[in-house]
Number of protein chains: 2
Amino acid sequence: MATIYEVSKLAGVSLATVSRVMNNNANVSDTTRKKVTSAMNELGYRPNSIAQSLASNCSNSVGLLVSELSGPFYGPMMGGIENVFRKQSKHVIIAAGHSDKAREEQAIEFLISRNCDGLILHVEAVSDHYLIELAKGKTPFVLLNRFIPELAERCITLNNKHGGYLAAKYVLEQGHKNIAYISGPLWKKDAQARLAGHKQALLEYHIAFDEELLYEGDFMESGGTQGYKHLHATSHPFTALICANDEMATGAMACAREHGVELPEALSIMGYDNVFFTRHVFPPLSTINYPINEMGRMAANWILSEVYQKTTPTLQTVFEPELVIRQSIANKT
Amino acid sequence: MATIYEVSKLAGVSLATVSRVMNNNANVSDTTRKKVTSAMNELGYRPNSIAQSLASNCSNSVGLLVSELSGPFYGPMMGGIENVFRKQSKHVIIAAGHSDKAREEQAIEFLISRNCDGLILHVEAVSDHYLIELAKGKTPFVLLNRFIPELAERCITLNNKHGGYLAAKYVLEQGHKNIAYISGPLWKKDAQARLAGHKQALLEYHIAFDEELLYEGDFMESGGTQGYKHLHATSHPFTALICANDEMATGAMACAREHGVELPEALSIMGYDNVFFTRHVFPPLSTINYPINEMGRMAANWILSEVYQKTTPTLQTVFEPELVIRQSIANKT
DNA sequence: GGTATAAATGTAAGCGCTTACATTTTATGT
DNA sequence: ACATAAAATGTAAGCGCTTACATTTATACC
């Protein structure tokens with residue numbers, strides 16, 4: 001591989017000049033610029049990005065930590081992020097935290113030790129305190145789907161409460177009065193917020209919230225099936241079931257069908273997130289859209305702006321959910 | 001950030017010795033090793049991986065190119081890969097090629113210019129010739145889901161033909177005689193192989209292959225819906241529809257249902273790949289398992305072995321598909 | 001104890017760039 | 001034409017490590 005030295009020799013200029021045309025910033029006359037570029041072409045020169053990084057103290061890499069590489073939620077998020085970075089010739093290093101405190105912390109360590117210029121973190125298990133301490137370090141990061149007041153300006157979140165509200169409101173508008181709810185793990189802020197929005201809508205419609213019709217799930221399919229079984233076993237009847245995410249909703253649907261209940265006639269079901277397979281389930285699932293792809297792009301833009309001083313479209317930290325109506329809710333009015 | 005120099009000073013040894021304990025290979029006495037490690041701890045020293053890379057000419061990074069970051073297929077693949085690499089402290093740089101020739105080539109260039117030590121490529125649009133040329137370069141790579149005879153030992157593939165055979169055989173065993181088929185784009189090798197296996201099974205059961213009941217799809221949901229419409233419009237009746245992947249199968253299911261056909265009583269449907277949402281559709285889709293996660297791990301092991309000279313479990317290049325029976329095929333015997 | 005050998009440690013030259021600063025060339029104004 | 005400022009280019013010192021080779025120290029053997 002040709003080095004900058006060989007290019008400089010062939011072009012008959014100094015190393016510095018070659019470097020200047022590479023980073024086409026400084027003042028270089030047109031004639032020498034041409035000499036240099038043609039020398040580069042002749043040699044098939046490619047800058048060594050490692051050497052650039054060492055000398056410039058900038059690795060042009062950003063770390064991306066997600067809970068899982070698979071699953072319907074993270075794919076679109078990573079897609080949005082990779083897309084904006086590659087256009088800027090930044091590369092993204094991925095790691096998975098598996099919603100586990102130790103593994104998340106270890107992954108962050110790993111990414112930092114890899115000299116990432118910045119980090120995009122979708123973490124769940126790590127403590128607020130840890131992140132606040134981390135913010136004092138020298139690697140900038142942005143948080144996706146997590147809000148910490150002390151770090152507010154670097155948190156990109158969805159208005160989860162409003163989404164919970166929209167879901168319940170729609171179900172109520174369809175005339176349902178007995179509504180069951182399968183929440184996420186209630187130690188998670190987003191699960192809390194979704195439930196809070198749900199309760200707010202109920203309040204507005206003067207429907208009492210029935211604690212017996214609440215089941216705390218785990219945001220996974222199994223939580224939906226277990227939740228349905230539990231709710232079914234209570235003596236409290238319900239015509240609609242709102243789930244705090246789509247995976248649980250599909251789990252509940254499958255389970256309800258096994259119990260011989262007709263969907264959506266005998267039971268209406270509502271999801272949350274609008275992951276792509278909600279269109280594929282039967283009946284197609286009404287849900288709340290979570291613009292995760294856009295939010296990923298925004299996180300990437302945050303990094304571009306804060307870390308690389310690029311001018312980007314205005315940064316937005318809170319995103320609004322939207323109701324997506326399909327066929328899983330029956331009209332009872 | 002502390003550097004190796006400061007560590008050496010504090011420990012009272014030379015740079016080389018510090019480097020030796022870091023790469024714990026050379027002969028270092030226990031006492032000096034202890035001195036050095038405690039100096040490291042005291043200073044909170046972390047090696048600068050960029051400098052290590054420059055000096056050792058090894059970036060410890062491997063590039064991963066997939067068609068899409070989202071979608072049910074690539075997630076498990078990336079998961080398998082990231083998992084094995086992080087245990088070895090290698091990092092993975094991701095890029096998406098979007099099944100487009102120019103973008104795939106550009107992504108490969110990008111990854112190489114990032115000094116990846118090796119590449120894992122899931123490419124579709126790039127030519128065999130391009131890859132054969134690439135193989136002459138100095139960056140080793142392994143191909144996932146693509147077979148090129150000249151590069152056989154670095155191709156990790158599924159026995160697609162056998163999968164096609166298994167699918168058809170099962171449907172035939174259930175007594176179906178009129179079987180429609182929606183293939184993938186037939187310029188793709190895997191689509192061809194799956195169809196070839198299908199035909200082989202038909203032959204074995206002495207059922208003629210009806211060209212009218214073949215539709216060339218695109219491996220996407222839309223291909224399934226269009227395929228169903230097309231097949232439905234022909235005068236040839238069929239009781240079963242085999243699709244060359246799960247996305248098309250779900251598209252076809254949705255479309256069939258819109259046409260008012262009962263699933264699976266009036267129409268049996270078979271998929272291919274066993275992506276996770278096949279359990280969620282209704283009726284749960286019978287399909288062919290594609291062990292993509294394991295194949296990803298194997299690709300990672302290939303790199304570990306060929307690039308980093310690690311000893312790994314024996315490398316396997318061709319994987320076998322398996323029939324997954326759920327409820328989308330009705331018994332006609 | 002002295003020599004031969006092995007083990008431990010040190011020295012210093014890079015790896016391929018960037019960049020502050022110095023120097024030379026060119027343009028500007030009178 | 002000449003002084004002066006601005007633009008273009010060059011020089012050389014790093015960035016933080018690795019590693020070949022040289023040197024020193026410990027170990028073994030007779």
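Atoms considered below: every heavy atom in the structure, side chains included; atoms not considered: hydrogens, waters and symmetry mates. Order of the sequence lines fixes the chain letters, A, B, ..., with proteins taken first and strands second; residue numbering starts at 1 for each chain.
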task = List in numerical order all residues of residues 107-119 of chain A for which some heavy atom is under 4.0 Å away from an atom belonging to DNA chain D.
result = none
message = Please classify the nucleic acid contact of V18(B) as base, sugar-phosphate, or nothing, using heavy-atom distances under 4.0 Å.
response = nothing
inquiry  = Measuring only between side-chain heavy atoms, which start at C-beta, is H122(A) closer than 4.5 Å to L65(A)?
reply    = no
task = Taking only the side-chain nitrogens and oxygens of S29(A), find out if one of them lies under 4.0 Å from OP1 or OP2 of dT9(D).
result = yes
query = Could you give the CD-to-C1' distance, from E6(A) to dC15(C), as a whole number of Å?
reply = 13 Å
task = Would you kindly give the NZ-to-P distance between K9(A) and dG10(D), to the nearest whole Å?
result = 15 Å
remark   = Taken in chain and number order and not counting sequence neighbours, the residues that satisfy side chain to side chain contact (heavy atoms under 4.5 Å, CB included) with E133(A) are H129(A), K136(A)
request  = Return the residues of residues 47-63 of chain B meeting this criterion: a heavy atom under 4.0 Å from some atom of DNA chain C. Order them by number, or give none.
outcome  = L54(B), A55(B)
Length of the line joining L43(A):CG and dG16(C):C1', which is rounded to integer Å = 15 Å
ask   = Atom CZ of R46(B) to atom P of dC15(D): distance rounded to whole Å?
value = 21 Å
remark   = Atom CG of L15(A) and atom P of dT19(C) are separated, to the nearest Å, by 14 Å
ask   = When you measure from the side chain of M22(A), which nucleotide among dC17(C), dT9(C), dT11(D) comes out closest?
value = dC17(C)
key: dG10(D) OP1/OP2 closer than 4.0 Å to side-chain N/O of T17(A)   = yes
query = Counting side-chain heavy atoms from C-beta on, which of dG16(D), dA20(D), dC17(C) comes nearest to R20(B)?
reply = dA20(D)
task = Applying side chain to side chain contact (heavy atoms under 4.5 Å, CB included), name anything that partners A102(A), two or more places apart in sequence or on another chain.
result = D100(A)
key: Distance in angstrom units between R33(B) CZ and dT9(C) C1', rounded   = 13 Å
inquiry  = Do T157(B) and K189(B) have side chains that approach each other closer than 4.5 Å (heavy atoms only, starting at C-beta)?
reply    = no
request  = Would you mind checking if R146(B) and D190(B) are paired as a salt bridge, meaning a charged N to carboxylate O distance below 4.0 Å?
outcome  = no
query = Between T32(B) and dT9(C), does any side-chain N or O lie under 4.0 Å from OP1 or OP2?
reply = yes
Under the side chain to side chain contact (heavy atoms under 4.5 Å, CB included) test, residues paired with P47(B) that sit two or more places apart = M22(B), Y45(B), Q52(B)
ask   = Taking OP1 and OP2 of dG14(C), is either one under 4.0 Å from a side-chain nitrogen or oxygen of Y5(A)?
value = no
inquiry  = If the cut-off is 4.0 Å, is S14(A) near the phosphate of dT9(D), judged by side-chain N/O to OP1 or OP2?
reply    = no
ask   = Which pairs count as salt bridge (Lys or Arg N to Asp or Glu O under 4.0 Å) when at least one residue sits in residues 43-55 of chain B, sequence neighbours excluded?
value = E109(A)-R46(B)
task = List in chain and number order the residues that pass salt bridge (charged side-chain N to carboxylate O under 4.0 Å, His left out) with K9(A), two or more places apart in sequence or in another chain; answer none if no residue qualifies.
result = none
note = Atom CG of N23(A) and atom C1' of dC17(C) are separated, to the nearest Å, by 9 Å
inquiry  = Counting only side-chain nitrogens and oxygens, does S19(B) get under 4.0 Å of the OP1 or OP2 atom of dC17(D)?
reply    = no
note = Contacts satisfying salt bridge (Lys or Arg N to Asp or Glu O under 4.0 Å) that involve residues 47-60 of chain A (not counting sequence neighbours) are none
remark   = Sorted by chain and number, sequence neighbours left out, side chain to side chain contact (heavy atoms under 4.5 Å, CB included) with S38(B) holds for none
key: Atom pair distance, as rounded to whole Å: CG in D30(A) and P in dA7(D)   = 15 Å
